[in-house]
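This report concerns only the one structure given below.
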Amino acid sequence: MIEKFNFKVIEKKWQHKWSESDSFVAKKDLSKKKFYILEMFPYPSGKIHMGHVRNYTLGDVIARYKRGKGFNVLHPMGWDAFGMPAENAAMQNNIHPAEWTYENIETMRSQLKLMGLSIDWSREFATCDQDYYHHQQKLFKKLYENDIVYKKKSYVNWDPVDNTVLANEQVIDGKGWRSGADVEQRELSQWFFKIKDYAEELLSDLDILDKWPEKVKLMQKNWIGKSEGCHLCFEIFDSNKDKTNQQLDIFTTRPDTIFGASFCAISPMHPLAKKISETNESVTNFINTQSSSAVNEESIARTEKEGLKTDLFVEHPLKKDTFLPIYIANFILMDYGTGAIYGVPAHDQRDFEFAKKYDLEILQVIKNKNMDEELTEAFTGEGELINSDFLNGMSVEEAKKCIISKLEELKLGKKEINYRLRDWGISRQRYWGCPIPIIYREDGEIVTVPDNELPITLPDDVDFSKPGNPLERHPTWKYTTCSETGLKAIRETDTLDTFVDSSWYFMKYCSDDIKMSNFKNEDLDYWMSVDQYVGGVEHAILHLLYSRFFSKALKSSGIGNISEPFNGLFTQGMVCHETYKTKKGEWVFPSDIKEKDNIFFHRETNEEIIKGPSESMSKSKKNVIDPEAIISMYGADTARWFMLSDSPPGRDINWSESGVRGSWKFINKVWTIINENKNLFETKIETTEIKSKKYNEIKKITHKILKDVTNNIESFQMNVAVAKIYELTNFISTFRPENNNDKDALKESIEILVRILEPMIPHLAEECWSIIGGNDLLCKQPWPIFDAQYIQDDMIQIVIQVNGKKKAVLEIENDSEQDKIIEKLKNIESIQVVKDLSKVKKIIFVKNKILNIVI
RNA sequence: GCGGCUAUGGUGGAAUUGGUAGACACGCUGGUUUUAGGUACCAGUGAGGCAACUCAUGGGGGUUCGAGUCCCUCUAGCCGCACCA
């Protein structure tokens with residue numbers, strides 16, 4: 001009787017061996033091909049969760065596989081350690097954010113180490129390390145010097161109770177997520193990165209990223225939101241139709257509809273609206289009612305169109321003596337285009353609704369053949385221009401071209417491209433972030449802090465008992481002097497958005513000596529770009545777009561030469577689990593449930609529990625399984641194997657107890673096979689030339705599966721690779737060698753099995769490798785290459801169809817020709833047709849695959 | 001509202017990319033071993049039929065010698081964006 005696999009002892013043993021032999025420490029070596037595999041680094045929230053287990057297992061399979069393939073692999077790990085949860089913990093539990101963060105890192109590092117990941121821990125860092133943010137401050141300065149950073153006033157979500165800015169995601173139904181207070185729109189002076197300047201490059205370079213999911217590229221494309229149109233400049237007239245010497249700029253993508261324009265509208269935030277409000281109380285009131293309530297975006301989109309007519313007009317540029325009234329309207333966004341439009345009610349649904357409400361002219365200028373007389377909604381389709389002077393009869397496309405050149409000729413407008421993408425606001429009124437290396441001098445100058453005064457470090461003595469930014473109200477921290485002029489100065493008390501931290505961390509890993517703050521281009525030149533990035537799809541836009549921008553921005557500032565940081569991207573699915581609730585609707589942890597005859601009860605209270613649908617694991621629904629508990633019960637290999645089985649990595653996986661037990665069963669099956677066959681490896685086996693059928697069979701299956709598993713790993717089909725390995729394992733476990741040749745083949749088969757298991761379940765594989773007498777560490781062994789001669793068989797199966805329906809399967813020599821097969825078919829009862837070939841219309845023959853007789 | 005993805009047994013999912021549908025696993029049924037089984041092993045398991053066979057990849061249509069795979073259309077579910085001029 002073979003004992004169960006003792007993972008508790010064996011997993012520790014190999015983790016120790018890998019670590020002491022520096023097996024996964026990466027060294028720059030220009031003579032070797034590199035492979036940079038990276039998973040999105042974790043936020044140190046407390047403990048690792050199953051999502052991390054899935055993410056890092058997937059990455060580790062790739063890392064270990066690529067090492068086997070002979071690549072110089074970089075597989076690092078670090079911590080996305082700045083951010084709000086640390087400050088919230090500070091407020092709630094009176095613990096310093098640094099202490100909270102570093103404690104969590106300790107815990108999570110030790111948890112990750114239990115998983116046996118092949119990570120180069122020598123390159124580990126946290127973004128809240130002084131060294132890291134020191135370097136980030138230098139990068140900020142570089143971007144500042146290269147005119148990629150600027151400061152401007154902008155509207156932000158302001159929580160009046162917590163005295164802080166909130167991100168859009170933190171505003172729930174118009175209220176602050178923590179305080180519950182009504183969120184205000186407040187104008188603040190904020191730092192921005194000029195990501196908009198890179199919009200075109202960010203868009204067009206998506207085409208190079210052929211190893212990215214189409215879905216993510218499309219999301220980024222939509223987010224960038226390029227649209228081509230026309231910029232127009234109107235003269236503004238007063239109520240007496242006299243020139244005011246002011247102008248109104250508008251942007252439109254439909255210049256072709258210009259003859260249908262019946263009004264203009266500007267945003268309540270538009271400078272012109274503000275100017276009018278100075279002397280007009282009703283305008284002031286209107287603007288105030290529009291700017292106060294920030295509700296969620298969907299309901300904003302459904303809000304009824306409202307407007308206020310001003311006393312101003314613009315003259316239609318092509319229809320003399322036609323004046324369009326200017327409205328201030330709630331549906332015009334200030335931060336898209338110019339914050340002003342001309343309204344063409346017949347061909348834009350919003351303008352249509354607005355015109356109906358305020359009784360404005362609806363003039364149709366595009367007509368489609370089969371159209372009703374009266375428009376009941378805006379017509380946005382293709383058609384022919386009418387009521388449009390010189391544009392009449394043209395298609396939409398033709399009219400666009402024609403009108404733009406006409407407007408350009410008249411110097412009234414010009415072709416323009418607009419992007420939905422907005423500049424990236426990076427100021428946060430927070431303590432736990434990277435200080436911005438800027439001082440405001442008493443003479444009004446804004447200057448960067450000189451390099452020899454960096455890093456600007458966060459003060460330790462901070463007070464979280466009051467809401468707001470502790471840096472702002474710190475007694476001394478912000479007061480300083482300018483070393484160049486001796487003038488008094490005040491530090492910038494805003495810190496950088498944490499997305500800045502994660503926009504270049506993958507470059508920092510490339511530093512040979514991670515503790516040095518030097519950032520060498522030659523290191524980047526060797527290791528960058530990341531060959532394979534793995535993470536959740538929830539970062540499809542922000543993190544991935546910001547990182548792409550940052551690489552480009554650094555490149556144009558002379559740092560690195562990377563235009564795309566991530567060559568390959570894989571977005572893995574989520575880990576789900578059934579949910580459980582009491583009848584009162586309180587969530588219950590799965591670990592507190594017991595089951596009897598398909599009815600669920602609370603383990604302690606015996607209360608009946610209702611089982612709900614499987615949803616992605618979340619603390620709030622309590623449908624979480626603690627990875628550490630699983631690892632201590634079944635071991636890391638079982639957890640890893642389960643994560644790779646069944647579900648394709650890109651889709652959601654459902655965590656199940658029976659699935660984990662199945663994985664544990666498999667681990668032991670391999671363990672049993674190795675122990676039962678270990679004597680095979682003790683002596684050399686003499687072989688002979690004559691090979692049995694059995695021998696050919698095991699050779700064929702082994703090499704076929706080796707080939708398949710290799711392809712499956714390359715194409716991220718880990719679940720299929722797992723299935724193939726099951727097949728091989730099942731075959732080996734029932735294989736009974738009859739002679740020395742068979743034994744020799746079995747040995748090879750077992751060796752291959754052990755080698756291809758290593759990326760997935762490395763502890764077991766290493767232990768097996770040592771049992772069968774393999775040299776050195778298994779993780780340093782090359783990946784085996786399948787031998788094509790064993791895969792090719794003399795006899796193959798060919799499918800016989802009649803009219804496309806399968807009638808028989810014929811075993812025949814490889815590469816047999818059609819005639820030979822037809823001959824053979826004459827002996828088969830169920831296929832009568834071949835006896836009289838005159839009735840056969842056609843024969844479709846695909847060599848070694850199929851023969852289809854059409855009658 | 002706009003854009004996208006997905007749909008295969010009781011379940012998760014395979015299918016060499018247009019060529020034997022259901023690999024592999026879970027579950028279930030029966031059997032053997034065991035003091036016991038939430039163990040191990042063996043056999044069976046898409047549906048219908050005694051059978052030869054027939055029907056089956058969300059529904060309907062099409063292209064093709066041949067369709068889970070390609071095209072059209074409908075339905076359902078999921079995801080992203082959201083007054084973007």
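Because the structure is a prediction, the values reported are computed rather than measured. Here is how names work: the chains are called A, B, and so on, in the same order as the sequence lines, proteins then strands, and each is numbered from 1.
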A:K415 atom NZ: more than 12 heavy-atom contacts under 6.0 Å: no
Need the pair for B:U17. Rule: Watson-Crick or G-U wobble, both distances under 3.5 Å, any strand; none if unpaired. none
From the options B:A85, B:G12, B:C55, select the nucleotide whose nearest atom is closest to the side chain of A:D646. B:G12
Where the side chain of A:K665 is concerned, which of B:A40, B:G38, B:U16 is the nearest nucleotide? B:A40
The side chain of A:L218 is closest to which nucleotide in this list: B:A7, B:A40, B:G3? B:G3
Let me see the working for A:K356 and A:E353 under salt bridge (Lys or Arg N to Asp or Glu O under 4.0 Å), right down to the final yes or no. CA-CA 5 Å; A:K356 280 275 178 198; A:E353 287 167 31; over 6 Å; no
Measure from the side chain of A:R422, starting at C-beta and using heavy atoms only, and say which of B:C24, B:A15, B:C84 lies closest. B:C84
When both hydrogen-bonding distances must be under 3.5 Å and the geometry is Watson-Crick or G-U wobble, what is B:C41 paired with, if anything? B:G31
We want to know whether A:K842 and A:N852 form a side-chain donor-acceptor pair, criterion being a heavy-atom distance below 3.5 angstrom. no
Need the pair for B:G22. Rule: Watson-Crick or G-U wobble, both distances under 3.5 Å, any strand; none if unpaired. none
Determine the interatomic distance between P on B:A7 and the same-named atom on B:U69; round to the nearest Å. 11 Å
Between B:C65, B:A23, B:A85, which nucleotide gets closest to the side-chain atoms of A:V854? B:C65
Applying the Watson-Crick and G-U wobble criteria at under 3.5 Å, what pairs with B:U64? Answer none if nothing qualifies. none
Expressed as a whole number of Å, how far does the P atom of B:C26 sit from that of B:A40? 10 Å
With the side chain of A:T253 defined as its heavy atoms from C-beta on, choose the nearest nucleotide among B:U54, B:A85, B:G13. B:A85
Derivation and outcome, salt bridge (Lys or Arg N to Asp or Glu O under 4.0 Å), residues A:K357 and A:E304: CA-CA 10 Å; A:K357 181 161 178 174; A:E304 200 184 335; 3.0 Å; yes
Taking the C1' atom of each, how far is B:U34 from B:U39, in whole Å? 9 Å
Nucleotide paired to B:G77 in any strand shown, Watson-Crick or G-U, under 3.5 Å: B:C5
Heavy-atom count check: over 12 atoms from other residues, nucleotides or ligands less than 6.0 Å from A:K704 NZ? no
When you compare B:U54 with B:G3, how far apart are their P atoms, in angstrom units rounded to a whole number? 45 Å
Distance between the C1' atoms of B:G22 and B:G10, in whole angstroms? 14 Å
For RNA chain B, find the residues of residues 327-336 of chain A with a heavy-atom distance under 4.0 Å and give them by number; none if there aren't any. A:N330, A:F331, A:I332, A:L333, A:Y336
Closest to side chain of A:K4, choosing from B:U39, B:G19, B:A23: B:U39
Exercise answer: donor-acceptor pairs, residues 720-729 of chain A side-chain atoms, under 3.5 Å, sequence neighbours excluded:
| residue | atom | partner | partner atom | Å |
| --- | --- | --- | --- | --- |
| A:Y726 | OH | A:W641 | NE1 | 3.4 |
| A:T729 | OG1 | A:I725 | O | 2.6 |

Using Watson-Crick geometry (N1-N3 plus N6-O4 or O6-N4) or G-U wobble (N1-O2, O6-N3), each under 3.5 Å, B:A85 is paired with none
So, is A:N730 near the phosphate of B:A25, with a side-chain N or O under 4.0 Å from OP1 or OP2? yes
Any A:Q349 side-chain N or O less than 4.0 Å from OP1/OP2 of B:C2: no
Tell me, yes or no, whether the heavy-atom count around A:K707 atom NZ, taken from other residues, nucleotides or ligands under 6.0 Å, exceeds 12. no
Given the C1' atoms of B:G9 and B:G27, what is the spacing between them in whole Å? 12 Å
